[in-house]
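Have a look at the structure below, then the notes.
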There are 2 protein chains.
Amino acid sequence: MTDPAFEAHDHHACIVDGVAAVERACVARGLQLTQTRKRVLEILLSEHKAMGAYEILDVLRAEGLGSQPPVAYRALEFLTKHGFAHRIERLNAFIACSHFGDAHAPVFLICRRCNSVAESRSDVAKSEIGRIAKGAGFVIERTVREAEGLCPKCVEAA
Amino acid sequence: MTDPAFEAHDHHACIVDGVAAVERACVARGLQLTQTRKRVLEILLSEHKAMGAYEILDVLRAEGLGSQPPVAYRALEFLTKHGFAHRIERLNAFIACSHFGDAHAPVFLICRRCNSVAESRSDVAKSEIGRIAKGAGFVIERTVREAEGLCPKCVEAA
DNA sequence: CCTTAGTCGTTATGATATTTCATAGCAACC
DNA sequence: GGTTGCTATGAAATATCATAACGACTAAGG
Ligand SMILES: [Zn+2]
Ligand SMILES: [Zn+2]
Ligand SMILES: [Zn+2]
Ligand SMILES: [Zn+2]
């Protein structure tokens with residue numbers, strides 16, 4: 001078992017398919033994928049890495065799509081709110097969702113050497129954090145599960 | 001099964017015992033629990049809530065123990081580095097460790113209503129995130145596992 | 001036309017974190 | 001005693017991340 005983010009793949013298709021899927025979802029759910037929102041999604045899809053809000057803003061600014069922080073944050077809020085992107089708490093950064101579809105509780109593997117980020121989905125109910133919460137009578141609404149370390153390539157390189 | 005953070009307990013003992021345990025550990029490991037470090041630990045222990053660095057700094061400043069951000073951050077770095085406190089990524093804030101002792105991979109339950117935070121320990125190797133990483137050939141060095149939701153009290157109140 | 005909800009652009013501000021350079025205290029060693 | 005190395009501090013500036021607030025624009029529905 002390997003992960004797209006950690007191995008070679010047709011990345012152009014990654015981007016095209018990702019945008020198309022979100023476009024379909026927005027139509028289906030009556031959401032407006034405005035130009036800025038779409039562009040931010042493309043920027044996030046352009047690499048399997050997490051990008052900071054200001055890094056994204058730099059690109060928008062260069063393209064004349066906005067220059068102030070709220071422009072980027074609003075687009076990111078839209079994308080994360082609807083599950084098209086995720087926020088990586090450990091990095092204060094964002095990444096496009098790579099398990100697109102329904103709502104899910106993502107798990108991230110973050111390589112500290114090459115900065116790649118892989119997303120896995122997981123069932124909170126069956127996870128350890130779910131078990132702990134249940135035992136404590138705690139009702140989970142959202143989870144943050146991120147592991148930092150070395151990806152297969154970087155382990156090999158080291 | 002319940003959690004200290006989520007139920008009534010002798011909180012004064014919580015603080016005293018917590019400081020005493022860290023003092024012993026510092027002696028044992030040859031670490032220096034300086035006045036500022038000790039005071040920051042006490043501040044963190046004073047509540048089962050996460051506190052922001054500047055919130056802590058305000059207290060230090062009022063007591064003449066330092067007024068600049070690095071003063072608070074250095075003490076927090078010391079405490080987190082040695083496992084006496086943890087950083088809650090979701091909140092950009094810090095909390096005293098409540099499972100004091102050896103190195104561990106903490107799991108946090110964060111109540112969004114009353115802001116209490118409970119810490120559990122867990123074995124990464126046996127957790128879902130560990131299983132996912134293993135399958136991907138990813139070597140974990142650190143994990144962030146935080147659940148946000150409602151604690152037992154707040155569930156009942158709602 | 002008018003209203004309303006959503007979006008957008010901008011200014012200003014707040015909150016969090018790091019970098020940099022300089023200094024103080026202390027113990028080991030010669 | 002003087003030097004060296006180490007750890008902790010102090011102080012200033014800067015970098016990074018995030019939100020509040022307000023007015024203007026626009027599309028959809030009556
Ligand atoms: Zn996802
Ligand atoms: Zn890597
Ligand atoms: Zn702990
Ligand atoms: Zn609560």
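Worth saying up front: this structure is predicted, and the values here are computed from it rather than measured.
Of the N and O atoms on the side chains of H86(B) and H99(B), not one donor lies less than 3.5 Å from an acceptor on the other residue.
A heavy-atom distance below 4.0 Å to DNA chain D is reached by none of the residues of residues 55-64 of chain A. Looking at residues 68-76 of chain B, you'll see P70(B), R74(B) sit with a heavy atom under 4.0 Å from some atom of DNA chain D.
Contacts of T36(B) with the nucleic acid, taken as non-hydrogen atoms under 4.0 Å apart, are absent.
Bracketed by its first and final contacts, the part of DNA chain D lying under 4.0 Å from non-hydrogen atoms of chain B reaches from dT7(D) to dA12(D) in 5' to 3' order.
You'll find the side chain of I132(A) reaches within 4.5 Å of the side chain of L109(B), heavy atoms only.
The minimum heavy-atom distance linking A50(B) with L91(B) is given by the pair CB-CD1, 3.9 Å. Nearest heavy-atom pair across G137(B) and V155(A) is O-CG2, 4.5 Å.
Position along DNA chain C of the nearest nucleotide to N92(B) versus Q32(A) favours Q32(A) as the more 5'-ward residue. DNA chain C is contacted by both F94(B) and Q35(A); Q35(A) maps to the nucleotide lying nearer its 5′ end (nearest heavy atom per residue).
For Q35(B), the CD atom sits in a loose shell: 12 or fewer heavy atoms of surrounding residues, nucleotides or ligands are nearer than 6.0 Å.
A salt bridge between K38(B) and E23(B) is present, with a side-chain N of the basic residue lying under 4.0 Å from a carboxylate O of the acidic one. Under a 4.0 Å N-O distance rule, the pair R90(B)/E89(A) qualifies as a salt bridge. Classification of E128(A) and R145(B) as a salt-bridged pair holds, one side-chain N sitting under 4.0 Å from a carboxylate O.
Within the structure, no pair that satisfies the salt bridge (charged side-chain N to carboxylate O under 4.0 Å, His left out) test touches residues 149-158 of chain B, not counting sequence neighbours. Within the structure, every pair that satisfies the ring-ring contact (aromatic ring centres under 6.0 Å, His included) test and touches residues 137-158 of chain A, not counting sequence neighbours, is listed here: F138(A)-F6(B).
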In residues 66-78 of chain B, what donor-acceptor pairs under 3.5 Å come from side-chain atoms, sequence neighbours left out?
none

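The separation between L31(A) atom CG and dT7(C) atom P is 8 Å, rounded to whole Å. Atom CD in E89(A) sits about 14 Å away from atom C1' in dT16(C), given to the nearest Å. In this structure, the CG atom of L91(B) is 16 Å from the C1' atom of dA17(C), given to the nearest Å.
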